[in-house]
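Chain letters run A, B, ... following the sequence lines, proteins first, then strands; residues in each count from 1. Keep in mind that what you see is a predicted model, and the values were worked out from it rather than measured.
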2 protein chains.
Amino acid sequence: MADALKKDRSAIRLAPMEVPKASDVLANELRERILTGEFTEDTPLPPERELVTQTRMSRSTVREALRILEVQGLVRIKAGRAGGAFVQRPSKDAVETSVSLVIRGQQIRLAALLETREAIEPFCAQLAARYRTEDDLKVLDAANEAIADTGSTLAAFLQANVDWHVGVATASHNELLIGLMTALSRAIYTATENERFINDEVRRLAAKAHVSITRAIRARDPEAAVRRMNRHVHSYAQAVLEVEERTEISVPNNGA
Amino acid sequence: MADALKKDRSAIRLAPMEVPKASDVLANELRERILTGEFTEDTPLPPERELVTQTRMSRSTVREALRILEVQGLVRIKAGRAGGAFVQRPSKDAVETSVSLVIRGQQIRLAALLETREAIEPFCAQLAARYRTEDDLKVLDAANEAIADTGSTLAAFLQANVDWHVGVATASHNELLIGLMTALSRAIYTATENERFINDEVRRLAAKAHVSITRAIRARDPEAAVRRMNRHVHSYAQAVLEVEERTEISVPNNGA
DNA sequence: GATGGTCTATTGGTCAGACCTAAGTTACCA
DNA sequence: TGGTAACTTAGGTCTGACCAATAGACCATC
């Protein structure tokens, strides 16, 4: 009987419940209204003190809600008269920062980064060859010039490298790919900058490949673009990983 | 003379400066320390009042900083005794929410989403064919069974669909690709669920393609996997975009 | 001895009110 | 007319108080 009772009582199951915070409630409300397009871009939200009287919440609560939306890229906050919270559509920057955080936070292996680039970038090149504008080409040419300067520092080379790769992504005119490639390129930059990954030979080869891919993009030749980009990122990855392997081996050997 | 003086004085050039907010300074400091691994997962940060005395900032400033980190997925905050801010590594969830925000903000066309999947997923399939384990295959098989159930609801079909695609990414054993595909799949799910994108024909074709790709992955045949996945996601994208185009056209026509 | 109530200490959540700082607007004076 | 001082509006920060959630200890009841 007691057993039956126990069984009956624990038979009632409830899911863990969430009790939302006041600031979350306000943030959610505003977020929905922004995303459904009720507030258009650059619409100023009411001033904080006005929101306080409207919502009957305290100013700190209102401010926390606004801070949430700011971090999510949904509003931009300006101080001073005629300042306030202005509605913004979250852009590729939001994607970029969150991807960067994941890459940095999860200590993603360099190999995984390079693999991911191998996945994404050939496709970017293909789209770029289809949709590139004259302005896109200018960016690529400028980066190519900077890369060709063999006298430049490693940092300058890597920066120009990032510019070129991001330029290709930009030429794809796909916001999501742009955000991903920006985050990826920067991550690969920082992962390779302190090492002896990059020697003159690698730089020479990269410069050559970039020029040839740029030519395919200019000529609106998607097949060539995807093929060459594939080869380029793959061989670059191989070169870097070879160095990494040698390094990995040499370090434990010293310790042993 | 006065002129010379003026000239001399404006010869000193300064770049426009950014004065960071106190809360940002604290958030940045904590973020760096978390990302560099100084604080390991689940480490509790000091209580707010303790941070107040350490930093000599006010509690509202400290709280805003913590709120920033919380939104970025770097800490998890619990109320009550033994509560506080606990360090977290940002996971794919963070990417997913920001991608969804960008998508919902309509900065991203459904076409861009599908394009991005076309970029990433064939490569995932290729890696999966190389590195899959027996457990990975079990997940894929289970999803395939659920998809084959033609009597299921649309929601069930889409969920099984997501499970399969994420399963392929998981089998690639590349953390970054797993995160990206999880975010992407869910985004595509929500973008297509309320529509008449998915008819029985699409479901049948998807089920067939999944089985055949799964076979290639099981057989450790990267070339077949990449080729079939390419064809699958491309034709799926085409089917969805055709529906979208018809819809786009029909709506203005009704208004005119 | 399992169940539930009560108390207490700790910690985040919210509130109210003050003052500081940034940045447009306006008015006034040289 | 042009510069600048004063005013106004807005976010940024600070202080101090109280509320609410939670964990743990102890106790009462059946």
Could you tell me the separation between the [atom1] atom of [X] and the [atom2] atom of [N], rounded to a whole number of Å?
{"X": "A:Glu64", "N": "D:dG12", "atom1": "CD", "atom2": "C1'", "value": "14 Å"}
{"X": "A:Arg81", "N": "D:dA6", "atom1": "CZ", "atom2": "C1'", "value": "12 Å"}
{"X": "A:Glu18", "N": "D:dT22", "atom1": "CD", "atom2": "P", "value": "11 Å"}
{"X": "B:Arg67", "N": "C:dG12", "atom1": "CZ", "atom2": "P", "value": "11 Å"}
{"X": "A:Lys78", "N": "C:dA23", "atom1": "NZ", "atom2": "P", "value": "9 Å"}
{"X": "B:Arg63", "N": "C:dG12", "atom1": "CZ", "atom2": "P", "value": "8 Å"}
{"X": "A:Ile77", "N": "C:dT21", "atom1": "CD1", "atom2": "P", "value": "20 Å"}
{"X": "B:Glu48", "N": "C:dT14", "atom1": "CD", "atom2": "C1'", "value": "11 Å"}

>> For a quick test of reading the model: is some side-chain N or O of B:Ser58 closer than 4.0 Å to OP1 or OP2 of D:dC14?
In response: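 Yes, within the criterion.
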
> Do the side-chain N or O atoms of A:Thr61 get closer than 4.0 angstrom to the phosphate oxygens (OP1, OP2) of C:dG13?
Replying inline: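 Indeed not, no polar side-chain atom of A:Thr61 lies that close.
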
> Got a sec, which pairs hit salt bridge (charged side-chain N to carboxylate O under 4.0 Å, His left out) with one end in residues 48-60 of chain A, sequence neighbours left out?
Replying inline: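 Non-adjacent pairs meeting salt bridge (charged side-chain N to carboxylate O under 4.0 Å, His left out): A:Glu48-A:Arg59, A:Glu48-A:Arg63.
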
>> Nearest to the B:Pro47 side chain among D:dG11, C:dG12, D:dT13, which nucleotide is it?
In response: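 The nucleotide sitting nearest to the side chain is C:dG12.
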
>> What's the closest nucleotide to the side chain of B:Arg49 if the choices are C:dG13, C:dC19, D:dA23?
In response: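 Output: C:dG13.
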
> Would you say B:Glu41 and B:Val87 make side-chain contact, with heavy atoms under 4.5 Å?
Replying inline: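 No, side chains not in contact.
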
>> Under 4.0 Å, heavy atoms only, any strand: does B:Leu66 hit a base, just the sugar-phosphate, or nothing?
In response: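 No contact.
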
>> Considering every strand and a 4.0 Å limit on heavy-atom distances, what is the contact class for A:Ser60: base, sugar-phosphate, or nothing?
In response: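 Base: the residue A:Ser60, judged by heavy atoms under 4.0 Å, touches a nucleobase.
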
>> Pairing donors with acceptors under 3.5 angstrom, does anything connect the side chains of A:Ser152 and A:Asp149?
In response: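 No, A:Asp149 and A:Ser152 have no side-chain donor paired with an acceptor closer than 3.5 Å.
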
> Without hydrogens or angle criteria, can the side chains of A:Ser58 and A:Thr61 be said to hold a donor-acceptor pair below 3.5 Å?
Replying inline: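 The answer is yes; a qualifying pair exists.
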
> Rounded to the nearest 0.5 Å, what separation is found between the CG atom of B:Leu26 and the CG atom of B:Leu66?
Replying inline: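 If I round to the nearest 0.5 Å, the distance is 7.0 Å.
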
> With nearest nucleotides of DNA chain C determined for A:Pro20 and B:Gly83 from heavy-atom distances, which residue corresponds to the more 5′ nucleotide?
Replying inline: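 With A:Pro20 and B:Gly83 compared, the 5'-side residue is B:Gly83.
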
